[in-house]
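The next block holds one structure in the form of structure tokens; read it before the comments.
Order of listing sets the numbers, starting from 1, for every ligand and every atom in it. Only heavy atoms go into these numbers, but all of them, side chains included; no hydrogens, no water, no symmetry mates.
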Amino acid sequence: RRLSSHRMEPLRATAAWDALERHLPVIADRHLRDLFAADPTRAETMTAEATGLHLDFSKHRIDAEGLRLLLALAEDRDVAGQIDAMFRGAHVNVTEDRPALHIALRLPRSASLVVDGTDVVPEVHRVLDRMATIAEEIRGGTWRGATGQAIRAVVNIGIGGSDLGPVMAYEALRAYSDRDLVFRFVSNADATAIAEATRDLDPATTLVIVSSKTFSTLETMTNASTARRWIVEALGEAAVARHFVAVSVHADRVAAFGIDPANMVGFWDWVGGRYSMDSAIGLSTMIAIGPARFRELLDGFHAMDEHYRSAPFARNLPVLMALLGVWYRDLMGAQAHGVMPYEQYLSRFPAYLQQLVMESNGKRVTSAGDPVGVDTSPIVWGEPGTNGQHSFFQMLHQGTTLIPVDLIGFAQPIHPIGEHHDILIASMLAQAEALAFGRTPAEVRADGTPEALVAHREMPGNRPTSVLLAERLTPYRLGTLVALYEHVVHAQGAIWGIDSFDQWGVELGKRLAAAILPELTADAEPPLAHDPSTNALIQCYRRLRDAES
Ligand code: F6P
């Protein structure tokens, strides 16, 4: 099953790429106003729907021919073959020689997926059952702390994928959560994070979940040790068994840290950190919303998986969004991609996507180690609407940089209060309209605008958006949304020919920090052998820290 890192033809050398480059001038100077005038049916033809999620991609700077060429690119890069390889458990994570099998985490109990000789589905469900037992005990008050009291607060300690998924999902599904339980998420090595998270909690009624795939991440181990001291100082060493649960793939490291492996929930090497929110890393999510709703979340993931695997590319949401992303990033020169959920509960979704997209596809060489030859991951950022409108949207409307934006909205509010929701969605639709069509100087003049202000008030438009609309934010819907972006990342990685499942770029900084730490803590001035700037900064830090204040 090992995927040899076979060399794909360099992207730029393919006929499919060449055809796109030749088509670029046809589109580059055309305005969305012209594209709609030339083909008013695009409002119907350039939409797609899957799992109840509606995608309007008509306000993109592409025409039918451009779309056809992008779809041909997907064929040419064998995206279908690469989808198949991921879904059957081939070692698509070439540099770490293992599968990337997050799709197995949401397979139904009746399914089977044999990977490297083992059917992983029974394993997945054994872990889900174990999580459900813990979740029910906490939610039902039968899990007792060291003093016999029920658990009232859950603190998840983790970072990267072991934090962003849990915190995003908790915030997203807060309306479905047990409001009698308090949830806190601690990720940063900065002591402020854990100090603030625990300052008003009672150790006797707190459960700490240490979430770390490797159980060796500096920030998480530091926070876990601090939390352990907090519990032990208040309740004694024996309390650790009742107040700590570990989520990891390394039982030995969990035991060495001092958590009984009986209190560990496991997962597997084939789940990447940023693809793990629906594995045991989602324990805090399951405690918050309960096992039945967690099942709905998994069903949503699975429904989008099935769509990605089976829908023709011309109707395939992840493939269409991936292709449009490649079009802007590599042909139109866009460097960034905005994601603006018009849903307050999705406030952490852009941060979650930053890791998913940028850690996966922020690569410069192909799986075979050759330069990709084109730009890869965009810079991803975003804020919930309508807040973003009153800050950086100005630059989207009238700045000099092209930034395609995804706008995500729901037809039914979680809180149907007054006119709030219609105002929210009117704002979202208005932004898409204004970004696409703008206001011409003639329209501005027709308002009676003084000539000196016409240039300032002109809205150039021609700024692309995707609008994603669904009925309502539910656990199921969240699952479909996360899986949608997971597969956008996969399809783009497939086109670029890169390994979307490793993250070697984060290693060097970790190694250097380990070397610098003793130089900061040494009593005597340490000999320093870094570059002159780093040496000087270490000396400056030591001087400032030790200064009398
Ligand atoms: O440093 C990056 C990273 O490895 C991420 O990929 C991962 O999500 C995060 O650190 C946390 O890793 P772990 O779960 O092993 O603590």
Would you mind checking if Arg228 and Glu237 are paired as a salt bridge, meaning a charged N to carboxylate O distance below 4.0 Å? yes
Before signing off on this row, confirm whether Glu359 and ligand 1 have an N or O atom pair separated by under 3.5 Å. yes
NZ/NE/NH1/NH2 to OD/OE distance under 4.0 Å, Glu359 and Arg274: yes
Considering only protein heavy atoms, which is closest to atom 12 (O) of ligand 1, and at what distance to one decimal place? Thr217 OG1, 3.5 Å
Let me know which of Glu306, His307, His302, Arg477 forms a side-chain hydrogen bond (donor to acceptor under 3.5 Å, both in side chains) with Thr51. Arg477
Under a heavy-atom criterion of less than 4.0 Å, does Glu507 contact ligand 1? no
Are Tyr275 and Phe501 an aromatic pair, judged by ring center distance below 6.0 Å? yes
Are Tyr308 and His490 an aromatic pair, judged by ring center distance below 6.0 Å? yes
Gln355, any N or O under 3.5 Å of ligand 1 N or O: yes
Can Lys510 be said to touch ligand 1, with heavy atoms closer than 4.0 Å? yes
Atoms of ligand 1 less than 4.0 Å from Gly160 heavy atoms? 8 (O)
Does the ring center of Phe349 lie less than 6.0 Å from the ring center of Tyr485? yes
Quick one: look at Thr214 and ligand 1, take heavy-atom pairs under 4.0 Å, and tell me if it's side chain, backbone, both or neither. both
For atom 9 (C) of ligand 1, grab the closest protein heavy atom and report residue, atom and distance to one decimal in Å. Ile159 O, 3.6 Å
Polar contacts were defined as any N/O atom of the residue lying under 3.5 Å from an N/O atom of the ligand; does this apply to Gly161 and ligand 1? yes
